[in-house]
Amino acid sequence: MPLHDKNSNRDQLADDIYGSDDLAGSTPKFQFPNAELDSRHVYALVHDELMLDGNSRQNLATFCQTWAEPEVHKLMDECMDKNMIDKDEYPQTAEIESRCVNMLADLWNSPEAANTIGCSTTGSSEAAMLGGMAMKRAWEAKRKAAGLPYDKPNLITGPVQVCWHKFARYWDIELREVPMEHDRLIMTPEEVLKRCDENTIGVVPTLGVTFTCQYEPVKEISDALDQLQKTSGLDIRMHVDGASGGFLAPFCAPDLVWDFRLPRVKSINTSGHKFGLAPLGVGWIIWREEADLPEEEIFWVNYLGGNMRDIALNFSRPGGQVVCQYYNFLRLGFNGYRRIHGACYDTAKFISAEIEKLGLFDVLYDGDRATGIPALCWKMKKGIDPGFNLYELADRLRTRGWQVPAYSLPSNCQDTVIQRILVRHGVSRDLGSLLVEDIDRAIAHLKKHPHQTAITADDASGFHH
Ligand SMILES: *Cc1c(COP(=O)(O)O)cnc(C)c1O
């Protein structure tokens, strides 16, 4: 095309994206593309394809943030080029990370919050891996010093998130997971004590169990382990999986003693991108005191300029999420977090009361701020068949865009199917009432057309982490 040909140039500049040759044909899906395409065309193509992902704000299965203030979007954009690992290149981002570590240590009542040790991670999974390794190393060091074998480590947990299964498998650790029973859905001190021995590297209670959203009794377990130490000499450390609860209990259940106020709690992980209200991609691990992190887990690198301490598993990692975490701490403070989460708890209680009124379901957890996270879950009442199961209800709700997962519980309660709603920042009371109306409509429809879809656990997508 000759450059002086104004008309055809203009044509091309002003052409409609969907009338272009790029979008009129089909683009490669399995082969590496040859040609370059126009950026506007490709943007439209990718943007449009993502519409099919559905609306994240209506995804009530996820614990992760789906709403952020405009300032957070702006900071994320400004931090696109910041690599968390380049602490010498981006010293201020590194400084911000370290302030967040100190603020969290303070929030969790570390005896010396200004001198504690910890770091940001990609999420709780990486943080759990680091906390788990520290427990293993500390136990090994003790066993070695006493001339005892250290080849059969075990870890005690309640019904845990998959990251602890991964930790146990990756590091060849026997996982002693306290199974659920119909009358007990979380770990208890008695069940923990039954499983402790000289090879136990630690006990991990969860503050906000994935399946039922409840807090496990950290203090009671710590007390029981104190007693065990008195009678048997076994000194077993604890790590709290506070993926959700670490950012909830300090604000909404201040009397609950679960954190570094308990000397036995040596480390805590949390997900910044869950109730920390940061964008996806940040978690935290904090040790109670510097001495609680074994030396072997700290790496010193000098090739970034300066001699830098490196604890995380990943090397390069985006800095924006950490910067936005800091923004949230300053922007919201204690009171802001308490208000936002408090509103979520109220909405969870409201939805829960409405679900109860329907008369078909037993609410297992109703969003009580002293005992769990802003969420609710329920199962079908025993011995009734209203013409649908919870998988079918979940499927029907999808026609209105809601994702309300139904799933079976882990052992020993695999025969129990429950349904769960997470109430996050941005799930307002009004949005909650619209959901309740849709649940009513869905049930009316399903009763009129009993078991038409006949969906079972095998058909259900089952995603609920
Ligand atoms: C979400 C969650 C995890 C995993 O956290 P990520 O931040 O997604 O890696 C671990 N434990 C519990 C209890 C969780 O809720």
Side-chain angles (χ1 to χ4, degrees), residues 56 59-66 84 100 104 118-133 135 155-170 175 177-178 180 185-187 202-218 221 238-249 258-259 265 267-286 312-314 317-318 321-322 324-325 341 344 365 367 371-377 405 407 409-410 418 420-425 462-465:
S56 64
N59 176 6
L60 303 180
T62 185
F63 293 68
C64 294
Q65 275 315 299
T66 50
M84 206 59 241
C100 288
L104 277 175
C119 65
S120 65
T121 59
T122 50
S124 276
S125 305
E126 184 186 356
M129 208 64 71
L130 295 169
M133 284 194 295
M135 285 191 271
L155 179 75
I156 302 174
T157 70
V160 269
Q161 211 263 357
V162 67
C163 70
W164 293 104
H165 293 191
K166 291 185 185 178
F167 168 70
R169 197 180 299 172
Y170 294 163
L175 186 62
E177 192 173 4
V178 177
M180 284 184 181
L185 298 175
I186 54 178
M187 63 154 71
V203 176
V204 179
T206 300
L207 219 57
V209 171
T210 303
F211 307 97
T212 55
C213 305
Q214 294 157 307
Y215 291 161
E216 291 189 309
V218 184
I221 290 163
M238 291 171 73
H239 169 98
V240 178
D241 181 349
S244 297
F247 270 115
L248 290 161
W258 65 276
D259 54 15
V265 173
S267 49
I268 299 172
N269 70 270
T270 195
S271 296
H273 52 221
K274 290 185 177 173
F275 294 90
L277 309 180
L280 270 175
V282 61
W284 300 92
I285 168 107
I286 315 276
L313 293 180
N314 282 74
R317 201 151 49 79
Q321 292 83 338
V322 172
C324 290
Q325 184 78 82
H341 295 331
C344 291
Y365 169 69
T371 57
I373 73 175
L376 56 138
C377 61
Y407 51 93
L409 292 178
I418 74 172
R420 186 190 68 194
I421 288 175
L422 257 296
V423 182
R424 299 185 303 278
H425 195 196
F463 176 79
H464 58 273
H465 294 297

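Keep in mind that what you see is a predicted model, and the values were worked out from it rather than measured. Counting starts at 1 for both ligands and their atoms, following the listed order.
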Among Q161, M129, E216, closest by heavy atom to atom 10 (C) of ligand 1 is Q161
Contact partition for [X] relative to ligand 1, non-hydrogen atoms under 4.0 Å:
X: C163; result: side chain
X: E126; result: neither
X: S124; result: both

Non-hydrogen side-chain atoms of [X] and [Y] separated by less than 4.5 Å:
X: L376; Y: C213; result: no
X: S120; Y: R317; result: yes
X: T157; Y: L175; result: yes

Would you please say whether a donor-acceptor pair under 3.5 Å links the side chains of T62 and R424?
no
For S125, the ligand 1 atoms with a heavy-atom partner under 4.0 Å come out as 4 (C), 5 (O), 6 (P), 9 (O)
One finds that the ligand 1 atoms under 4.0 Å from a non-hydrogen atom of S271 are 5 (O), 6 (P), 7 (O)
Check your understanding: Under 3.5 Å, N or O to N or O, is T206 touching ligand 1 that way?
Key -> no
Return yes when G208 approaches ligand 1 closer than 4.0 angstrom through a heavy atom, no otherwise.
-> yes
Do the side chain of T121 and the main chain of G123 share a donor and acceptor less than 3.5 angstrom apart? yes
Worksheet entry | Donor-acceptor contact present, side-chain Q65 to main-chain K274, <3.5 Å | yes
